[in-house]
Amino acid sequence: MRRYRGYSSCPVGQTCPDINSVISLLSKAADRLESDLEEFDVMDPVDVRAILADVVGDIRTVCDGKNCYMNMLRDSNSKLREWGERMEEERNEMEKELST
């Protein structure tokens, strides 16, 4: 996306890499479960637990706790929304000034 004169007052950088991280992490967790699912019946229970613990850890990284990916995205979204609302207010004020 091009920005006027290379400057933006937007308080948030690109969130697409964060979204891609969430998608990638969940996709890898699903792939791991899917690839090992057929083997679970013949695997040592300790190995099954280790795989499941890894997947649970990946899921928690995405959605559990204050510093998880989803909360970081929520914070970015909130900042972006507030910034957009301020920009809209400023535009409305400028339009009023120009019309008088």
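We number each residue from 1, following the sequence as shown. No hydrogens, no waters, no symmetry mates; every other heavy atom, side chains included, goes into these values.
Proximity of Arg81 to Asn77: side-chain heavy atoms (C-beta onward) are separated by under 4.5 Å at one or more points. Looking at Met72 and Asn67, their side chains never come closer than 4.5 Å, going by heavy atoms from C-beta outward. Between Asp18 and Tyr69 there is no side-chain heavy-atom pair separated by less than 4.5 Å. Side-chain contact between Met87 and Cys10 is absent, with no heavy-atom pair separated by less than 4.5 Å. At least one side-chain heavy atom of Val42 sits under 4.5 Å from a side-chain heavy atom of Glu39.
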Counting only pairs under 3.5 Å, give me each side-chain donor-acceptor contact of residues 51-60, with atom names and distances, residues two or more places apart or in other chains.
| unit_1 | atom_1 | unit_2 | atom_2 | d |
| --- | --- | --- | --- | --- |
| Asp54 | OD2 | Arg32 | NH1 | 2.9 |
| Arg60 | NH1 | Asp64 | OD2 | 2.9 |

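Annotation: the span from Cys16 atom SG to Ile23 atom CD1 amounts to 9.0 Å, rounded to 0.5 Å. Here the CG atom belonging to Asn92 is positioned 11.5 Å from the CD atom belonging to Glu97, to the nearest 0.5 angstrom. Separating the CG atom in Leu80 from the CG atom in Asp75 is a distance of 12.5 Å, to the nearest 0.5 Å. Interatomic distance, Thr61 OG1 to Met70 CE, rounded to the nearest 0.5 Å: 13.0 Å.
Transitive grouping of hydrophobic side chains (ILVMFWY, heavy atoms separated by less than 4.5 Å) brings Leu25 and Leu33 into a common cluster.
Side chain of Ser35 to backbone of Asp31: a donor-acceptor contact under 3.5 angstrom is found.
By the side chain to side chain donor-acceptor pair (under 3.5 Å) test, Asn71 is found to be paired with Arg74, residues two or more places apart in sequence or in another chain being considered.
A salt bridge does not link Glu90 to Arg86: none of the charged nitrogens lies less than 4.0 Å from a carboxylate oxygen.
A 6.0 Å sphere centred on CD of Glu95 holds more than 12 heavy atoms belonging to other residues, nucleotides or ligands.
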